[in-house]
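These notes concern the structure reproduced below.
By convention in this document, chain letters (A, B, ...) are assigned in the order of the sequence lines, proteins followed by strands, and residues within each chain are numbered from 1. All values reported here derive from a predicted model rather than from experimental measurement. These numbers come from the heavy atoms of this one structure, side chains and all, not from hydrogens, waters or symmetry mates.
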Number of protein chains: 2
Amino acid sequence: MVRQYAATSPEALTEALFDVAAESGLDAATVRVVAARAGVSIGAVQHHFATKDQMYAAAFAALVARVRARIGRVDLTAPLPERLLTVLAELLPLDKARTREARVMAAFAARAATSPSLAAIQAAQLAEIRAELTEALGDLDHAEQRAAVLFAAVDGLALHAVSSGGGLKRHQLTAALEELVRRFV
Amino acid sequence: MVRQYAATSPEALTEALFDVAAESGLDAATVRVVAARAGVSIGAVQHHFATKDQMYAAAFAALVARVRARIGRVDLTAPLPERLLTVLAELLPLDKARTREARVMAAFAARAATSPSLAAIQAAQLAEIRAELTEALGDLDHAEQRAAVLFAAVDGLALHAVSSGGGLKRHQLTAALEELVRRFV
DNA sequence: TATGGAACCATACAGTCGTATGGAAACCAT
DNA sequence: ATGGTTTCCATACGACTGTATGGTTCCATA
């Protein structure tokens, strides 16, 4: 029988996982379901990721890298309020893509509480973003402390925005962000 | 055979669920595990909660009620900055009990993204706390908007505090809270 | 003390999970 | 063309899961 294998890359699999997780939560992102979503067999997934934990870790790492890349593209030579706004805006669900991202990110963050491999990725991610924010704050007093608070606050905004009954619409998000930055620089 | 039944109340069951969830995450809080933790049989759990979903909903509601009760005890006649600080402090993991609470709360919040019953409870909780905060802000301009931002920010602080690599120690939490309130009133 | 309902238990069922196994198909260097 | 490696599939296994069933114990009330 002539058979044509699909181009089953790890990237395609993590993308399928994102789809499932965004729609039905991480719990629904089982090996079987992800395989079906990607149009491949269970074995194909197993070939690229030996265990489910590795699959999750790879997906989480890819997601984190995506956010990091966006932040890394921000021009740090821009004047302070603007560059801070730009960095922080990357963390907010201001469009459909970032809303999906924030949803999946929140799911991973929750699971990181009980998964050592995910916790490690999360810890690195938090530290890096905090450092980036500290840098974006320039030579202000207590930049590190301010960065930590700003980061947590924006993360909270993102979480409330994607929560049921969060009550934070898109334009309220940007207004809140501007208010935060205005009061914190 | 002489048998002695344990005092199996719904409260004892939800308490057992909190224990399991705080230690090993909500995923680990299966009907069997919760029953074992409470020292009763599966059937006893089934008797009080017809389904696992109902068990989760009852536990989440109880947790939410606890937070709400603490907030309700705050004296709203105190001067503005103090009463706002007091309300918001109740949301932060400033002691061991509230740390456990924040952990379990975060787990429920994550699950609310895919569980309609939990989502309903969460939506009500968010709305109520936001209203409480708005009231605590008194007759300030844009009190509602400020309340939403403050709430999200404090929730973010709580989340980062209990996250791996969150990097927010206890005294930093109170400092951040004071800074937030100072800049927002 | 008889009786009915509430509380609780032991067990079983079907379904899903992650993972292991053995082989087939595809590709690649020789 | 051939042998080896990578890629992928079909299937099976044991360990769970939530829930259903039928029975037992307890307790209040009559």
Side-chain angles (χ1 to χ4, degrees), chain A residues 1-21 23-60 107-108 110-112 114-119, chain B residues 1-21 23-60 107-108 110-112 114-119:
Chain A
M1 179 191 186
V2 179
R3 187 106 38 108
Q4 191 81 11
Y5 286 150
T8 307
S9 63
E11 290 78 22
L13 294 176
T14 62
E15 207 56 42
L17 189 150
F18 292 154
D19 283 343
V20 174
E23 290 171 14
S24 323
L26 255 191
D27 288 336
T30 67
V31 175
R32 275 167 180 77
V33 170
V34 169
R37 183 67 168 235
V40 299
S41 73
I42 301 176
V45 176
Q46 287 182 303
H47 176 72
H48 292 286
F49 307 116
T51 67
K52 186 198 176 189
D53 198 67
Q54 286 180 28
M55 177 177 82
Y56 275 25
F60 191 23
F108 272 118
R111 204 170 208 104
T114 52
S115 159
S117 49
L118 297 186
Chain B
M1 179 191 185
V2 180
R3 188 106 37 107
Q4 192 82 9
Y5 285 149
T8 307
S9 64
E11 290 77 20
L13 293 176
T14 62
E15 206 57 41
L17 190 150
F18 292 155
D19 282 343
V20 175
E23 290 171 16
S24 322
L26 256 189
D27 288 335
T30 67
V31 176
R32 274 166 181 78
V33 170
V34 170
R37 183 67 169 236
V40 299
S41 73
I42 301 176
V45 176
Q46 287 181 306
H47 176 72
H48 293 285
F49 306 116
T51 67
K52 185 197 176 189
D53 199 67
Q54 285 180 28
M55 178 176 82
Y56 275 25
F60 191 23
F108 272 117
R111 207 173 204 94
T114 51
S115 160
S117 49
L118 297 186

- Item | Residue pairs involving residues 39-57 of chain B (criterion side-chain hydrogen bond (donor to acceptor under 3.5 Å, both in side chains); sequence neighbours excluded) | B:D53-B:S117
- Item | Minimum heavy-atom distance between B:A29 and B:L17, given as atom pair plus value | CB-CG, 4.2 Å
- Query: Atom CG of B:L26 to atom C1' of D:dG18: distance rounded to whole Å?
  - Reply: 16 Å
- Message: So if I take residues 48-60 of chain A and measure heavy-atom distances to DNA chain D, which residues fall below 4.0 Å?
- Response: A:H48
- Query: Taking the inter-plane angle between the rings of A:F108 and A:F60 on a 0 to 90° scale, is it parallel (under 30°), tilted (30 to 60°) or perpendicular (over 60°)?
  - Reply: parallel
Check: residues 31-39 of chain B side-chain donor-acceptor pairs under 3.5 Å, at least two apart:
from	atom 1	to	atom 2	distance (Å)
B:R37	NH1	B:E23	OE1	3.4
B:R37	NH2	B:E23	OE2	2.7

- Query: Looking at side-chain heavy atoms only, is the closest gap between A:R111 and A:D27 below 4.5 Å?
  - Reply: yes
- Query: What nucleotide, of D:dG18, C:dC8, C:dG18, holds the atom closest to the side chain of A:V31?
  - Reply: C:dG18
- Item | Watson-Crick or G-U counterpart of D:dA30, or none if no pair lies under 3.5 Å | C:dT1
- Looking at the side chain of B:I42, which of C:dT11, D:dG18, C:dC8 is the nearest nucleotide? C:dT11
- What's the shortest heavy-atom distance between B:L26 and B:A21, and which atoms? CD2-CB, 4.0 Å
- Which of these nucleotides, C:dA6, C:dA20, D:dC8, is closest to any side-chain atom of B:H47? C:dA6
- Nearest-angstrom distance from the residue atom CD of B:Q46 to P of D:dT21: 11 Å
- Task: Specify the separation, in whole Å, of atom CZ of B:R32 and atom P of C:dG15.
- Result: 16 Å
- Item | Closest listed nucleotide, where the reference is the side chain of B:S41 and the choices are D:dT17, D:dT19, C:dC9 | C:dC9
